[in-house]
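Shown next, in structure tokens, is the structure this report addresses.
All figures in this text were calculated on a predicted structure; none of them were measured in a lab. Reminder, nothing fancy here: chain letters follow the sequence lines and each chain counts from 1.
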Amino acid sequence: MPSRSGPSDAPRWCVLGRVPGGGVARGRVAAVEVDAAGERSAPIPIATAELPAFVAARERSAPRWVWSDTPSWYPRLLEAGVRIERCHDLRLCHAILSRSEAVPDRGPLLAAARWEAGPGAGEGEPAESALFEIETPEDAPGAVPHDLDAALEEFDRQRAALAACVDPGRLGLLVAAESAGALVAAEMAAAGVPWDAAEHDRLLSAALGPRPARGAKPVRLLELAEEVRAALGDPRASLDSPPKLLRALRSAGIDVESTSRWELAEHEHPAIRPLLRYKKLSRLLTAKGWAWIDEWVRDGRYHPVYVPGGVVTGRWASSGGGALQLPRQLRPALRADPGWVLVSADVAQLEPRVLAAMAADGAMAAAGSGRDLYSGLVEQGIVGTRQEAKIAVLGAMYGSTTGDSGRLVPRLRRSFPAAMRLVDTAAAAGEQGGVVSTWLGRSSPRPGDEWEELQARASLPGATSRDESRARRAAREFGRFTRNFVVQGTAAEWALAWLAELRLRLARLPSPTSAESIAPARASGPAFERQPHLVFFLHDEVMVHAPEGQAAAVAAAVRESAEAAGRLLFGSAPVDFPLELRIGERALKE
DNA sequence: GACTTGAGCGCG
DNA sequence: AAAGCGCGCTCAAGTC
């Protein structure tokens, strides 16, 4: 029992929400403190303009802030220079808990339909905040409720759901990590990726020719298009429309079914080489060309929009700007401010390592221990080359049955029976329309109605062989999805734990001395931008922007966080997660 | 004219 | 070379 005095009296949670008030259409804010026993304080009214000050003051006792939806609350606090350590994002946690098979009774959560808003629902452009005024989140169609009462009720439901779990620790870890991810996403969006627009422009010009006038095509693309048309003997061939291009190719005697890169590459014809080059450059121009710089880069920063929990497996998605699709070709444009460096790290073969840990497959863990896992497979004589190892391992996790990959998978089944049993079991569940769960308890969605109908029709007496084969194909397809779900989803959990740990460790680094901390180019940015901070995250890769003098400390924090993530998820399992770490002015790989 | 769909390709 | 998983974005074509 907690004593009635001393530190245990500190509130564990602080729930924020809107309250109706004073005829102000937008309402006011209030906070309710909740202690470890679930006892609530009376609502503490807060004038919206005072919210950052209130949060900053309460943050000294390090509560976990509970709110409807991180993007609705946190950006305004960050703008006001206030950062928090921990939160509980009700929307994200609802999505996990209301679907998790680890929760015995999901009824109350499922009945709370207002919390079912999808990622980013009703977000849109944040309303322009009036000068010197912090606004409360606005209701938008499809958005989660932001009211205090609704938040308190939902928080109770979620705490009850967690408490009822057989192993509340795992789901508890997941909702904490998911919420920490939401904080990281908001902070990275606010800080932005340090982006060298001039370097980006140089890379574009080198590949495409100088920036053309609006609406015109770069000269290099025009030249290549002419070359293709000449080779095809068709001066009017269109390269930008797949159907038209396909007709042009076929009438030039190139026998292809589609205009995709890999199929074109199989044919010998003078038009192929310039065409592939054209496609490559055209892609660069439309996805990440000059228009992208104009739209997404300001003051030396690219401000992406991350969507935590945006993928069914728990991976992040992004929206706008293609944050998770930055072409490797443009990585040199990611550049630290003067006097600062980028500390980047990625995990080698994260997914197979996670699989080995989940399945407690000692042989597979040993193959990856302290080295490249694929080389480990070669050294153990399981496959002949590193390339074969990669194909086999990916095939095992994705469920391939044909080609080189399908042929190599059986070797893994002999060498790593425990790991293969885990993914095979997950696939079998999916083929029967079942649900699987990640290590920490995120559960997969059920197949849709169409899928169920397909299966039902195939088992009817009058089913044709076509019905049966279609149903079988759909079943296997869903089996490949659930097979991959457990691995991709657990890898996402490991990465979230890594990110959450790293965020806290970076915040606890000693403040840079003024000699170390040359202010970043964008001095107007959030206050935390003057310390080492995360600027990029891509599934199994992180990047920290840091003063040069703190690079070593940051690198250590990155490594320690990875070790901590492994321990948090898998305890003492003998699986390691080696990092490839780089420190430099630019983000270059290979 | 506004919206959806599919091809194709960028990322892991 | 591309098969096997998960995404977002752009353009052209199809639909209303």
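If you check every strand for non-hydrogen atoms under 4.0 Å, A:Ser319 touches sugar and phosphate atoms only. Within the nucleic acid shown, A:Gly321 comes within 4.0 Å of sugar-phosphate atoms alone, with no base atom in reach, counting heavy atoms only. Within 4.0 Å (heavy atoms only), A:Ser405 reaches at least one base atom of the nucleic acid.
For the OP1/OP2 pair of C:dC9 and a distance below 4.0 Å, the side-chain nitrogens and oxygens of A:Arg283 include no atom meeting the criterion. OP1 or OP2 of B:dG10 sits under 4.0 Å from a side-chain N or O of A:Arg261. Listed pair A:Ser260 / B:dA7 fails the phosphate criterion, with no side-chain N or O lying under 4.0 Å from OP1 or OP2. Taking 4.0 angstrom as the limit, A:Thr259 places a side-chain polar atom (N or O) nearer than this to OP1 or OP2 of B:dG8. When the side-chain nitrogen and oxygen atoms of A:Lys280 are compared with OP1 and OP2 of B:dG8, none of them lie within a distance under 4.0 Å. Of the side-chain N and O atoms in A:Lys279, one or more sit less than 4.0 angstrom from OP1 or OP2 of B:dC9.
Between the side chain of A:Arg480 and the base of C:dC5 there is no donor-acceptor pair of N/O atoms closer than 3.5 Å. Between the base of B:dG12 and the side chain of A:Arg315 there is a donor-acceptor pair shorter than 3.5 Å.
Here the nucleotide nearest the side chain of A:Pro327, chosen from C:dC5, B:dC11, C:dA2, is B:dC11. Picking from C:dG8, B:dG12, C:dA2 the nucleotide with the shortest atom distance to the side chain of A:Ser318 gives C:dG8. The nucleotide whose nearest atom lies closest to any side-chain atom of A:Phe481 is, among B:dG8, C:dA3, C:dG6, C:dG6. The side chain of A:Ile391 has C:dA3 as its nearest neighbour among B:dC9, C:dA3, B:dG12. Among the nucleotides C:dA2, C:dC9, C:dC7, the one closest to any side-chain atom of A:Glu266 is C:dA2. For A:Thr286, whose side chain is taken as the heavy atoms from C-beta onward, the closest listed nucleotide among C:dA3, C:dC11, C:dA12 is C:dC11. Listed candidates were C:dG6, C:dA12, B:dG8. Nearest to the side chain of A:Val312 is C:dG6. Comparing B:dC11, C:dG6, C:dA12 by their closest approach to the side chain of A:Val311 singles out C:dG6. Considering only side-chain atoms of A:Lys244, the nucleotide from C:dA13, C:dG4, C:dC5 that sits closest is C:dA13. Ranking C:dA3, B:dC9, B:dG12 by closeness to the A:Tyr398 side chain, first place goes to B:dG12.
A salt bridge does not link A:Arg476 with A:Glu431: every distance from a Lys NZ or Arg NE/NH1/NH2 to an Asp or Glu carboxylate oxygen is 4.0 Å or more.
In C:dG4 the O4'-C1'-N dihedral to the base is within 90° of 0, which defines a syn nucleotide.
Nucleotide B:dC9 holds its C1' atom 10 Å from the CD atom of A:Gln325, rounded to whole Å. We find that CZ of A:Arg483 is positioned 18 Å from P of C:dA3, with the value rounded to whole Å. One interatomic measurement links the two molecules: NZ of A:Lys217 to P of C:dT10, which rounds to 16 Å at whole-angstrom precision. Residue A:Asn484 contributes atom CG, which lies 8 Å from atom P of C:dC5 at whole-angstrom precision. One can place NE2 of A:His539 at 8 Å from C1' of C:dG6, the figure rounded to the nearest angstrom. Across the protein-nucleic acid pair, A:Leu324 atom CG and C:dG8 atom C1' stand 8 Å apart, rounded to whole Å. Rounded to a whole Å, the CG atom of A:Leu276 is 13 Å from the P atom of B:dG8. A:Arg331 places its CZ atom 14 Å from the P atom of B:dG10, with the value rounded to the nearest Å.
For the residue pair A:His94 / A:Glu116, a side-chain donor-acceptor distance below 3.5 Å is found, with atom types taken as modelled. A:Glu493 and A:Thr438 share a donor-acceptor pair across their side chains, judged by distance under 3.5 Å alone.
Without hydrogens or angle criteria, A:Thr286 side chain to A:Arg283 main chain gives a donor-acceptor distance under 3.5 Å.
Pairing of C:dA3, defined by two Watson-Crick or G-U wobble distances under 3.5 Å, is not identified with any nucleotide.
Residues A:Trp494 and A:Phe570 place their aromatic rings such that the two centres sit no closer than 6.0 Å. The six-membered or imidazole ring of A:Trp292 lies near that of A:Tyr302, with a centre-to-centre distance under 6.0 Å. A ring-centre distance under 6.0 Å is found for A:Trp195 and A:His200.
Of the residues near DNA chain C, A:Ala265 and A:Leu394, the one whose nearest nucleotide (by heavy atom distance) lies more toward the 5' end is A:Ala265. Residue A:Asp404 is the one, among A:Met397 and A:Asp404, whose nearest nucleotide of DNA chain C lies closer to the 5' end (criterion: closest heavy atom).
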